[in-house]
Amino acid sequence: MTPWQEIVVGQLGLGPVWRLRDAPRRDVAQPHDGFEEAPAAPEPQRVSSSPPAPPEPKMPRKAVMAQRAIEPAPEQRVPAAPVVVASDSDWDALEHQIRNCTACVLHQRRKQAVPGIGDRHPRWLLVGEGPGAEEDRRGEPFVGPAGRLLDAMLAAAGLSRQSGAFIANSVKCRPPGNRTPETDEIATCFPYLRRQVELLAPRVIVALGRPAAQSLLDRQVRIADARGQTFSFEGVPVIVTYHPAYLLRNPHDKGKAWEDLCRARQLSDGT
Ligand code: URA
Ligand code: SF4
């Protein structure tokens with residue numbers, strides 16, 4: 001193993017994956033690429049996209065009624081207004097526009113929009129799905145358990161939120177109940193991501209999971225199929241890998257994520 005590989009293996013906790021007789025237990029049935037699956041506790045469950053779910057799945061009816069009394073009604077599905085980002089929009093203007101955006105239904109129940117964070121001259125741009133509850137509260141992407149794994153992945157690549165990496169999402173506002181963002185929501189929010197790519201000019205874009213890949217590639221992909229390919233977005237190479245929340249539930253796939261990170265590193269640094 002090269003020193004780089006040793007670091008990645010250490011940082012991602014990959015060691016046991018390669019031990020023939022001591023593989024991590026698979027407690028749950030594995031979906032095709034697992035992305036539709038809910039992330040591991042203590043993160044809130046991701047639920048299937050439609051129809052809009054009640055505040056908490058499987059909550060006793062009484063509790064649901066009580067919660068509805070204090071929560072705003074489920075979002076009203078009205079046609080989304082198109083987002084127009086000025087071609088000369090700078091960071092301040094872009095973030096101001098995102099924070100005040102009401103173009104899709106996701107604005108209705110957010111605490112705040114989460115534009116993204118990181119090095120504004122990054123080697124890597126990482127694109128996730130959408131803010132969760134903690135991100136919605138704090139205004140920063142990937143601050144829960146999946147975020148800790150993402151930080152470890154970045155550290156393995158010699159990157160951090162402070163240096164070398166920028167982290168954004170396919171939608172900037174939290175989907176209620178942490179459901180998967182709808183195709184129309186991803187499409188409506190897309191001009192913000194496109195402007196972020198223009199301003200950041202990263203050497204590589206890493207799409208974490210299906211909604212990110214869908215946003216950047218403008219079509220639905222299965223992660224298992226798209227992994228290993230190099231796509232292009234506005235002239236920037238794009239690779240697709242598993243979402244960290246999926247990896248928390250499916251640690252046996254960390255080895256594949258490790259391969260993907262190595263490829264991202266080759267693309268960004270030529271190593
Ligand atoms: N998952 C995501 O996809 N994005 C976040 O910001 C947090 C969790
Ligand atoms: Fe606007 Fe995107 Fe938030 Fe929808 S998710 S309201 S398009 S910023």
Side-chain angles (χ1 to χ4, degrees), residues 34-47 49 75-85 89 93-118 125-154 161 165-196 205-216 223 240-249 257:
F35 193 78
E36 303 87 344
E37 279 277 291
E43 285 204 326
Q45 294 246 314
R46 290 204 180 267
V47 296
S49 51
E75 70 265 42
Q76 304 293 311
R77 296 213 78 83
V78 289
V83 166
V84 179
V85 177
S89 189
L94 184 64
E95 292 199 350
H96 182 266
Q97 189 177 352
I98 292 171
R99 289 186 203 287
N100 291 286
C101 182
T102 57
C104 86
V105 294
L106 296 184
H107 82 276
Q108 292 174 8
R109 291 175 61 184
R110 71 178 176 216
K111 288 195 170 61
Q112 58 186 316
V114 182
I117 199 162
L125 165 62
L126 297 110
V127 182
E129 176 174 335
E134 188 63 16
E135 289 78 16
D136 183 55
R137 262 193 299 276
R138 290 181 39 191
E140 182 173 336
F142 281 101
V143 288
R148 283 192 284 283
L149 178 57
L150 182 60
D151 284 339
M153 293 160 83
L154 291 175
R161 294 168 195 240
F166 192 96
I167 304 171
N169 277 310
S170 72
V171 292
K172 313 304 189 197
C173 304
R174 181 194 181 203
N178 288 0
R179 64 168 170 76
T180 303
E182 300 282 356
T183 297
D184 65 310
E185 294 158 354
I186 293 171
T188 304
C189 207
F190 170 72
Y192 297 130
L193 182 60
R194 183 174 52 204
R195 184 66 188 145
Q196 287 178 317
I205 302 174
V206 180
L208 302 165
R210 285 174 63 161
Q214 185 180 339
S215 181
L216 292 159
I223 301 302
V240 173
T241 191
Y242 295 107
H243 190 283
Y246 165 79
L247 292 174
L248 288 175
R249 284 181 61 83

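First listed ligand is number 1; within each ligand, the first listed atom is number 1. Since we're looking at a predicted model, the values are computed, not measured. For the single chain, residues carry numbers from 1 onward in sequence order.
Counting the atoms of ligand 1 from 1 in the order shown, those under 4.0 Å from a heavy atom of H243 are 1 (N), 2 (C), 3 (O). Ligand 1 places these atoms under 4.0 Å from at least one heavy atom of G128: 3 (O). Every atom of ligand 2 is numbered from 1 in the order shown, and the set under 4.0 Å from a heavy atom of H107 is 6 (S). Which parts of ligand 1 touch E129 is read off a 4.0 Å heavy-atom cut-off, strictly below it: atoms 2 (C), 3 (O). Per-residue contacts place C173 under 4.0 angstrom from the following atoms of ligand 2 (heavy atoms of the residue considered): 3 (Fe), 5 (S), 6 (S), 8 (S). Short contacts between ligand 2 and K172, defined as distances under 4.0 Å to a heavy atom of the residue, involve ligand atoms 5 (S), 8 (S). Which parts of ligand 1 touch N169 is read off a 4.0 Å heavy-atom cut-off, strictly below it: atoms 2 (C), 3 (O), 4 (N), 5 (C), 6 (O).
The only option from P141, S215, P211 that meets the side-chain contact (heavy atoms from CB on, under 4.5 Å) definition with E129 turns out to be P211.
Listed here is the closest heavy atom pair of R110 and C173: NH1-SG, 3.2 Å. Of all non-hydrogen atoms in I205 and V127, the two that sit nearest each other are CG2-CG2, 4.0 Å.
Judged by distance alone, the side chain of Q112 and the main-chain N or O of D136 form a donor-acceptor pair under 3.5 Å.
By the neighbour-count criterion of 12 heavy atoms within 6.0 Å, atom NE2 of H107 is densely surrounded, having more than that number from other residues, nucleotides or ligands.
A donor-acceptor contact closer than 3.5 angstrom links the side chains of Q214 and T183.
Protein heavy atom closest to atom 4 (Fe) of ligand 2, with residue, atom name and distance, is C104 SG, 2.4 Å. C189 SG, 2.3 Å is the protein heavy atom nearest to atom 2 (Fe) of ligand 2. Taking atom 1 (Fe) of ligand 2 as the reference point, the nearest protein heavy-atom neighbour is C101 SG, 2.3 Å.
Side-chain contact between L208 and F142: present, with at least one pair of heavy atoms (C-beta onward) separated by less than 4.5 Å. Looking only at side-chain heavy atoms (C-beta outward), N169 and P115 stay at 4.5 Å or farther from each other. Between I186 and V171 there is a side-chain heavy-atom pair separated by less than 4.5 Å.
Contacts with ligand 1 closer than 4.0 Å are made by heavy atoms of both the backbone and the side chain of P141.
Nearest to atom 7 (C) of ligand 1 by heavy atom, out of E135, R174, E140, is E135.
At least one N/O-N/O distance between F142 and ligand 1 falls below 3.5 Å.
Heavy-atom distances between A245 and ligand 1 stay at or above 4.0 Å for every pair.
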